[in-house]
Protein chains: 2
Amino acid sequence: MTGGSSEGKPDGAETSVRARILSQEQRLTASEKRVCEVLLSDYPMAGMQSITKLAELSCVSSPTVIRMARKLGYEGFPELQNALRDEVADRIKAPALKRDARGGDGHVLHRFADALIGNLTRSLERMDTAMFDEVAELLADTSRHAYFLGGRITGANAAYFHNHMQIIRTGVTLLDQGPSVWPHYLLDMGERSVLVLFDIRRYEKDLLRLAELAQGRGATIVLFTDQWGSPIAQVARHVFHLQVEAPSNWDSTTAILAVVEALIAEVQAKRWDESQERLEELEAMFSSTRVFRSGG
Amino acid sequence: MTGGSSEGKPDGAETSVRARILSQEQRLTASEKRVCEVLLSDYPMAGMQSITKLAELSCVSSPTVIRMARKLGYEGFPELQNALRDEVADRIKAPALKRDARGGDGHVLHRFADALIGNLTRSLERMDTAMFDEVAELLADTSRHAYFLGGRITGANAAYFHNHMQIIRTGVTLLDQGPSVWPHYLLDMGERSVLVLFDIRRYEKDLLRLAELAQGRGATIVLFTDQWGSPIAQVARHVFHLQVEAPSNWDSTTAILAVVEALIAEVQAKRWDESQERLEELEAMFSSTRVFRSGG
DNA sequence: TCTAGTTTGTAACTATTGCTACAAGCGGAG
DNA sequence: CTCCGCTTGTAGCAATAGTTACAAACTAGA
């Protein structure tokens with residue numbers, strides 16, 4: 001006992017609850033030890049319930065639990081519980097969000113990257129992998145013509161998707177010439193057409209009109225949109241809801257691009273043989289003849 | 001809401017809280033979704049605090065949280081919290097389940113996402129934040145004309161970058177018409193020109209030629225390339241080396257897009273007032289007159 | 001045995017939590 | 001524009017959590 005000044009005092013806020021229990025145990029009374037016993041036997045979840053439950057479980061009264069918490073260096077029971085929760089959080093936290101813990105000094109770039117990783121993770125969480133597979137199947141089917149179109153911001157995504165699909169398979173078209181010529185393409189759309197649309201906020205009326213008309217002609221619509229959902233979702237067969245928020249005035253299309261790239265990979269894998277041939281032909285044209293690149 | 005019997009009712013007690021959120025999300029109202037958002041963004045620890053704290057964190061009132069819990073199939077908030085605690089207990093108990101947070105069953109999509117997150121993280125680790133700031137400064141300076149150009153795959157990145165910069169500032173040009181017309185642009189390039197190039201493997205000779213000529217005329221070259229580095233790096237003033245490998249036959253430009261978006265955000269922030277004006281003007285043109293959208 | 005000190009539980013109190021009832025706000029249909 | 005239904009927050013309520021004060025019970029030393 002004695003009054004030794006700092007002999008065994010628990011640290012300010014550094015050590016874990018378990019460590020404090022182990023180091024302070026000899027200072028505790030019998031019933032207090034019983035509480036620790038219970039706590040350690042189902043650590044740390046036993047401490048995540050109410051003080052009353054924990055007291056009952058330990059066959060002591062609630063004030064005993066409080067006294068123990070105090071001797072461990074906490075203000076009261078809630079504080080001990082918070083400490084416990086933080087420990088759990090640390091143990092739960094996946095590799096992804098670890099950044100803020102280490103080097104992440106808070107440069108814009110790092111905060112931005114964290115947000116994008118979060119977007120990607122959360123987008124994936126809520127995505128239906130079965131739907132992903134169906135869409136890949138749909139796009140791998142060359143008996144269906146595929147049309148691609150994006151909005152002001154997502155136009156680049158559409159172009160990127162089209163660009164790759166064009167290399168992999170035949171029968172793809174990019175609608176990049178403005179609404180006035182869309183009707184021409186609509187003429188050819190039917191039951192065996194796939195229309196891949198990109199529409200994030202602010203949603204564009206023209207795209208909705210096009211989607212409605214295409215659906216009316218029996219086309220299958222695949223939509224890439226944000227977490228809130230473009231109105232086009234109403235007429236689309238498959239909808240990818242992707243997180244687009246970023247610490248910026250602009251929405252981020254990174255998650256969209258990620259899924260697009262995954263789809264490209266999957267479609268390519270499904271059509272390995274055919275696309276390989278096609279690629280070789282293309283390479284041949286690029287390297288031997290220089291017709292289309294007119295190398296300067 | 002009516003009393004639709006079992007249309008989309010959550011299961012008795014089988015499913016996880018996350019699963020219930022995802023399956024019931026479309027039934028929830030806007031504020032209720034906000035709560036789910038917060039809960040998922042720091043799952044499951046965000047739900048381990050008191051209902052009041054969670055409500056505050058989600059910027060809604062506590063009754064909203066209760067209503068959400070009910071719609072998810074729980075009696076009240078404490079029951080939801082118990083479910084959450086059980087999940088945590090499970091996860092803590094078995095550290096064997098290393099497969100991270102989102103029950104990743106190893107679907108292609110998840111493996112792909114893991115790779116992309118890895119790319120982004122590793123790209124960021126080796127990036128010089130000072131260089132990032134310099135480039136942002138460079139692009140925020142309207143006394144310098146900025147040119148954008150990408151290759152076969154990265155063309156979409158260049159277009160995306162240009163598209164946003166065009167909204168934010170004046171004096172930007174996208175070189176998208178093929179090598180034969182590049183010389184025309186070269187005529188205007190000089191000391192106060194910035195040439196933003198994208199070149200990942202396989203590197204394109206034409207781009208290198210252009211870069212050399214531009215450098216000869218005194219232009220500042222900013223290059224986005226892969227981890228191995230395009231030969232253009234030799235003549236570039238600033239080089240972003242980004243990881244592009246993915247479980248695919250194609251390289252991934254996700255990390256590139258991420259940095260581009262971060263740059264857009266940063267430049268926009270630097271030129272807040274001017275770009276704001278510009279944006280308003282643009283919005284006005286879009287909404288009042290419909291000249292350029294010819295609404296179908 | 002008595003007494004001083006410690007340990008522990010009981011009971012009462014307060015703060016907070018989780019919940020209900022209601023009314024203001026909002027948006028779409030007629 | 002009005003009305004209706006849905007959404008949301010405010011205010012109040014009951015229950016419970018955490019805490020305090022105090023007294024009973026136990027321990028140990030004389």
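Values below: all heavy atoms of this structure, side chains included; hydrogens, waters and symmetry mates excluded.
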So the salt bridge (charged side-chain N to carboxylate O under 4.0 Å, His left out) pairs with at least one residue in residues 213-227 of chain A (sequence neighbours excluded) are none
Within residues 54-64 of chain A, those residues having any heavy atom closer than 4.0 Å to DNA chain D are A:S62, A:P63
Spacing of B:F77 atom CZ relative to D:dT16 atom C1', expressed in whole Å = 15 Å
Choose from D:dG18, C:dT17, D:dA17 the nucleotide whose nearest atom is closest to any side-chain atom of B:S50.
-> C:dT17
Between P of D:dT7 and CE of B:M68, the distance in whole Å | 15 Å
May I ask you to evaluate whether B:T29 reaches the phosphate of D:dT7, defined as a side-chain N or O under 4.0 Å from OP1 or OP2?
-> no
Separation of B:K71 atom NZ from C:dC19 atom C1', in whole Å?
-> 17 Å
Rounded distance in Å - CD (B:Q81) to C1' (D:dT16) | 14 Å
Which of these nucleotides, D:dG18, C:dT7, C:dG18, is closest to any side-chain atom of A:S31?
-> C:dT7
Look at the side-chain N and O atoms of B:R70 and state whether any lies under 4.0 Å from the OP1 or OP2 oxygen of C:dG18.
-> no
Starting at atom CG of B:N82, determine the distance to atom C1' of D:dT16, rounded to an integer number of angstrom.
-> 14 Å
Separation of A:E32 atom CD from C:dG9 atom P, in whole Å?
-> 10 Å
Under 3.5 Å: donor-acceptor pair, side chain of A:Q81, backbone of A:Q49 | yes
Short side-chain to backbone donor-acceptor contact, A:E204 and A:R201, under 3.5 Å = no
Closest approach of B:S50 to B:F77 (non-hydrogen atoms, all atoms of both residues) | C-CE2, 4.1 Å
Considering only heavy atoms from C-beta outward, does the side chain of A:V244 approach that of A:T253 to under 4.5 Å?
-> no
Return the value, rounded to whole Å, for the distance between atom CE of B:M48 and atom P of C:dG18.
-> 12 Å
Mutual orientation of the aromatic rings belonging to A:F224 and A:F198 [parallel < 30°, tilted 30-60°, perpendicular > 60°] = parallel
Would A:R126 and B:E25 pass as an ion pair if we require N to O under 4.0 Å?
-> yes
Euclidean distance, atom CD of residue A:E75 to atom P of D:dT19 [Å, nearest integer] | 9 Å
Go through C:dG18, C:dG9, D:dT8 for me and flag the one nearest to the B:P78 side chain.
-> C:dG18
